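Computed from a predicted structure; not experimentally measured. Atoms within a ligand are numbered from 1 in the order they appear, just like the ligands themselves. The basis for the numbers below is simple: all heavy atoms, side chains too, and nothing from hydrogens, waters or symmetry mates.
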Amino acid sequence: MRVSRKVRKAVIPVAGLGTRFLPATKSMPKEMLTLVDKPLIQYAVEEARASGIREIILVTGAGKGAIEAHFAPNRELERELMARGKQAEARAVRAVSRLARVVSARQKRPLGLGHAIGCARDLVGDEPFAVLLPDEIIDARVPCLRQLLAAHAQRGGCVVATQRVPRADLSSYGVMKVEPLRRRLFRVRGLVEKPALNRAPSNYAIVGRYVLEPEIFGLIWRTPRGRDSEIQLTDALARYAADRPMYAVAFSGRRFDAGSKAGFLKATLHFAAKHPELRRVLRRWRQS
Ligand code: G1P
């Protein structure tokens, strides 16, 4: 039974500076770094699309025009490729522009993830919406966001993806106090952003996929600066969860933190090992 409104839009914040990949990201958005044969951001947009979402709201900062251009049609390039007999390439170029309707909101100051989501308020309107953090690449048989949307359709409320992480890593994440409801589904009873190790309420971390109710915008608006002097989405969610139902889904799938060099490399090797052309190259190279 569906107890909630259908989710039609996804917000993808892309305003970050990408400092961990400098100098590669000096003039190119980190979201455009190539993971095997697609830019990082395309994985998130494809996950949203495979989860039934057709409208993407990018929250951008300065110098992010290449991302918008990547999802816009480029008829000149398509025509030129066709004229050269490169039909497959032309199709690939067209397919990217047909993935979703992509619109942008601008985050004028880097005030944190909560603030970035708040910047999408007018474009989202008064309906539930998804959030995907594009640094997190999740390879799953059922797309991670779709797993969250299934829980949202049944229960309503805000829903986040979660995974247990080693204790030593907890202070890099939002961490939740959770209560098991059924297999892979938890009720969230409290949240804290990047806690000191002795204050972490569990080892269930928030992973970068969310389904949010529009009430979150009012709560973000009233959230003071928190951890790192930023307006934290986790703090707004903590207020939400205090008197409203919120859930966490321990999704099935493999997650990579492609926002770090090590994670990016692991994701590259993972997808290369599944790629029809590169699979054999990689195997042979490992044996040599
Ligand atoms: C953000 C969130 C954090 C979450 C993490 C997942 O942190 O604030 O709660 O656990 O994403 O990737 P960031 O990694 O942007 O510092």
Would K194 pass as a cation-pi partner of Y173, given that its NZ or CZ must be under 6.0 Å from the six-membered ring centre and within 45 degrees of the axis?
no
Between I206, L191, T162, flag the one that comes closest to atom 10 (O) of ligand 1 by a heavy atom.
I206
Report yes if some N/O of K194 lies less than 3.5 Å from some N/O of ligand 1; otherwise report no.
yes
Does one side chain, of H70 or E31, offer a donor that lies under 3.5 Å from an acceptor on the other?
no
May I ask you to check if ligand 1 and S172 share an N or O to N or O distance below 3.5 Å?
no
Name the closest protein heavy atom to atom 9 (O) of ligand 1, giving the residue it belongs to and the distance to 0.1 Å.
E193 OE1, 2.7 Å
For atom 15 (O) of ligand 1, decide whether some protein heavy-atom distance is shorter than 4.0 Å.
no
Examine distances only and state if a side-chain atom of R106 and a backbone atom of V59 form a donor-acceptor pair shorter than 3.5 Å.
no
Using 30° and 60° as the class limits, which term best fits the ring planes of H270 and F256: parallel, tilted or perpendicular?
tilted
Is a donor on one side and an acceptor on the other found under 3.5 Å between the side chain of R49 and the backbone of L99?
yes
Using heavy atoms and a threshold below 4.0 Å, how should the contact between L133 and ligand 1 be classified: side chain, backbone, both, or neither?
side chain
Near E136, which atoms of ligand 1 are under 4.0 Å from a heavy atom of that residue?
6 (C), 12 (O)
G174 neighbourhood, listing ligand 1 atoms whose heavy-atom distance to it stays under 4.0 Å:
3 (C), 4 (C), 9 (O), 10 (O)
Per-atom contacts, ligand 1 versus T234 - under 4.0 Å to a heavy atom
9 (O)
Please confirm whether the backbone N or O of V124 pairs with a side-chain atom of K9, one donor and one acceptor, at under 3.5 Å?
yes
Does H115 form a side chain to side chain donor-acceptor pair (under 3.5 Å) with Q107? I'd like the steps, not just the answer.
CA-CA 8 Å; H115 178 257; Q107 185 185 23; 2.9 Å; yes
